[in-house]
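Everything numeric here is computed off the predicted structure, so don't read it as measured data. The chain is numbered in sequence order, starting from 1.
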Amino acid sequence: KIDPLSNLAPAMSAANTNKEYGEESDDGLDDLVTPTAALTAKQSSSFSLDHDGSSNNFRGGAPQKSLLFYVATVQAFLIIYRTEVLLGFVLAVSVSIAFSSATSHSRGRRRRDPFQSAHISHDYSDVKSKYDLTLGSIDHWCLHGDDSNCRCEDPLEPMSKRSSHKWEEQHKENIKVATEALMKLTKLAGGGSFNAEDYIPGYDDQWIEGIDDDWVYGQGPRFGGDIYGYESDPLGSALIDDFYQDDGYGIPMENPYAGSDDDMRGLRRAAGSEYGLDVVFIGDSITEQRQGTSMGRVVDDYEGIKEVFDKTFTREKGGEFEGIAMGIAGDTAPNLLWRLMNGEMPFGLNPKVWWVGIGINDLSIKGCSEEVVLLGILRVVEEIQNGNPDAIVVINSILPVRRNEEGLLEHTGKNHEHEALKKKEKNMMDNEMDKKRSHEDLWPSIVSINEELSKFSSKHHGVKFFNADSVFVEEDEHAKRLNLNLMHDAVHPNVAGHKKWNNAIKKRLHEILKDGN
């Protein structure tokens with residue numbers, strides 16, 4: 001059976017639908033709006049209209065994020081990675097501070113007046129011994145104000161260059177020079193007279209190599225002390241006849257050359273009244289010029305310098321004083337310190353004056369700061385005084401270095417105030433300056449170091465300062481200049497320079513030795 005109501009329900013639904021959508025009248029179809037369209041119209045009602053009535057383009061996609069979203073994201077990141085963020089921040093700040101400090105210090109030196117930059121702030125003039133010299137007060141190690149862009153050595157520790165065969169050979173030659181002078185003193189101390197034949201360079205008992213260290217004490221075959229009973233000794237029986245045969249040279253009664261330190265010094269002083277070793281010059285290449293060599297190699301241009309030195313400091317050649325020179329080219333203060341502690345200042349070599357000339361290589365080759373150079377020189381002085389308390393030590397000023405064709409060092413100005421070289425005045429032709437040396441204006445640094453050396457000498461008995469600027473520097477109302485007529489190259493004096501310098505040294509020695517100043 002068919003339910004009559006089953007056909008009625010669809011009909012009523014269709015009727016209602018037609019009524020709802022106005023399908024009962026075809027004329028009302030244009031005014032009808034479907035629910036979907038209504039919803040779309042409602043959503044689109046949020047569109048804004050431009051001033052001309054047209055709607056903006058639909059921006060689609062995800063909704064735009066507000067500032068609050070980004071703040072929250074950053075906050076969440078900081079919370080999750082707070083440890084890493086904190087460590088990264090600390091590292092960045094530390095690196096920034098270190099970098100800015102280094103650059104500002106270096107730039108500060110360049111911006112400031114060069115003479116102020118070269119000033120040594122710490123006062124070393126009251127140092128009493130080598131134990132008072134420390135590295136803790138050094139402001140910076142390198143000439144440019146930093147601690148890494150230089151090849152500085154510890155100025156308080158001896159440093160050899162024995163890896164260089166030429167250097168070691170020249171060091172041995174210097175030991176022989178010191179030994180020959182000591183032999184004269186020893187022979188005269190025993191009441192004899194010294195003849196050049198007594199010293200035979202070819203006779204080697206290996207005292208340099210350290211197998212036989214009698215030379216340190218002025219004893220042994222080289223000094224006529226004992227020959228250990230060797231009948232086959234190359235010096236022959238002459239030694240046995242002329243000198244003491246001693247099988248117990250350590251006993252003072254049997255050997256006049258043995259004894260206490262005071263006894264030995266007394267003998268040296270007694271001999272000094274006859275032989276009179278007045279001065280020993282020690283230093284670098286400028287001192288080695290006086291030997292006529294450079295790193296042990298004979299230099300033709302230096303032969304005249306050696307001749308001038310011998311005529312001035314060898315009595316047999318007409319000199320007023322007796323002196324020897326021991327230098328090695330390229331040496332720094334630590335190198336010189338090592339040499340003195342290893343043979344060039346043997347016990348008993350007690351001249352009246354030790355003349356020290358060192359420092360320019362520390363400055364121009366190693367690039368050390370003024371303070372480091374000063375400490376190295378003072379350490380050498382203290383070592384000499386420790387081994388020779390009766391001697392006088394003269395510190396020669398560091399000589400000026402030529403930086404331009406005119407030899408200009410500084411402008412003095414109307415008020416005679418320091419004014420360093422201009423940039424264009426610092427330059428020199430490459431062939432005028434050794435490539436291993438610093439090609440810059442070193443004069444402010446030299447002035448600063450010399451001032452501190454002078455101050456130190458004025459406060460210490462037995463230490464004198466000799467300012468060689470009076471020899472090599474000319475000054476007028478406008479500038480200070482290096483006298484180029486006295487220079488062999490940018491660093492080393494020529495024959496005329498050494499001659500004038502020697503005359504000034506003689507005058508100073510007269511003041512020291514004759515007048516006791």
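- Shortest non-hydrogen contact noted between Gly330 and Asn335 is O-OD1, 4.2 Å.
- Between Glu383 and Arg379 a salt bridge is recorded (basic side-chain N to carboxylate O distance below 4.0 Å).
- Cys150 does not pair with Cys368 as a disulfide, the SG atoms being 2.5 Å or more apart.
- In this pair, Phe309 and Phe281 present their aromatic rings perpendicular. The plane angle is above 60°, beyond the 30 to 60° band.
- A salt bridge (Lys or Arg N to Asp or Glu O under 4.0 Å) with Asp278 is found for exactly one of Arg508, Lys352, Lys506, namely Lys352.
- Heavy-atom neighbours of Glu169 CD from other residues, nucleotides or ligands within 6.0 Å: above the threshold of 12.
- For the residue pair Leu409 and Pro400, the shortest heavy atom distance occurs at CD1-CB, 4.1 Å.
- The salt bridge (charged side-chain N to carboxylate O under 4.0 Å, His left out) check on Lys500 picks up nothing, with sequence neighbours excluded.
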- Can you list the steps and then say if Glu474 with Arg481 is a salt bridge (Lys or Arg N to Asp or Glu O under 4.0 Å)? CA-CA 5 Å; Glu474 298 175 330; Arg481 293 180 175 84; over 6 Å; no

- Check the pair Gln289 / His492 against side chain to side chain donor-acceptor pair (under 3.5 Å), numbers first and verdict last. CA-CA 8 Å; Gln289 280 186 298; His492 303 89; 5.4 Å; no

- Query: Can Asn174 and Gln170 be said to form a side chain to side chain donor-acceptor pair (under 3.5 Å), step by step?
  - Reply: CA-CA 6 Å; Asn174 288 343; Gln170 181 59 25; 3.3 Å; yes

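- Not a single donor-acceptor pair under 3.5 Å links the side chain of His498 to the backbone N or O of Lys306.
- With rounding to the nearest 0.5 Å, the separation of CG in Leu378 from OG in Ser457 is 8.5 Å.
- Taking the six-membered ring where tryptophan is involved, the planes of Phe456 and His460 are essentially parallel, since the angle between them stays under 30° and well short of 60°.
- Considering all non-hydrogen atoms of both residues, Ala178 and Met326 come closest at CB-SD, 3.8 Å.
- At least one side-chain heavy atom of Glu344 sits less than 4.5 Å from a side-chain heavy atom of Ile175.
- One distance of note links CZ of Arg403 with CD of Glu410; it measures 15.5 Å at 0.5 Å rounding.
- Here Thr134 contributes atom OG1 and His122 contributes atom NE2; the two are 6.5 Å apart, rounded to the nearest 0.5 Å.
- Here the shortest heavy-atom pairing between Trp354 and Leu349 reads CZ2-O, 3.6 Å.
- Of the N and O atoms on the side chains of Glu288 and Tyr302, not one donor lies less than 3.5 Å from an acceptor on the other residue.
- Taking the side-chain hydrogen bond (donor to acceptor under 3.5 Å, both in side chains) definition, one finds that Lys166 meets it with nothing, sequence neighbours left out.
- Checked for salt-bridge contact, Asp489 and Arg402 miss the test: no charged N lies under 4.0 Å from a carboxylate O.
- Within a 6.0 Å sphere centred on NZ of Lys499, heavy atoms belonging to other residues, nucleotides or ligands number 12 at most.
- Counting heavy-atom neighbours within 6.0 Å of Lys459 NZ, excluding the residue itself, gives a total above 12.
- Closest of all the heavy-atom pairs between Asp301 and Val495 is O-CG2, 4.2 Å.
- Taking the charged nitrogens against the carboxylate oxygens, Lys480 and Asp469 have no contact shorter than 4.0 Å, which rules out a salt bridge.
- For the residue pair Gly359 and Val373, the shortest heavy atom distance occurs at O-CG1, 3.8 Å.
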- Task: Decide salt bridge (Lys or Arg N to Asp or Glu O under 4.0 Å) for Glu307 and Lys311; before the verdict, give the C-alpha distance in whole Å, the side-chain angles of both, and the deciding distance to 0.1 Å.
- Result: CA-CA 6 Å; Glu307 183 179 351; Lys311 289 182 177 180; 3.2 Å; yes

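- For Arg290 and Trp355, the positive end is not near the middle of the six-membered ring at less than 6.0 Å and at most 45° from its axis.
- Trp443 is not listed as a side-chain neighbour of Pro114, based on a closest heavy-atom distance of 4.5 Å or more.
- Of the charged side-chain nitrogens involved, none lies within less than 4.0 Å of a carboxylate oxygen, so that Glu451 and Lys455 do not count as a salt-bridged pair.
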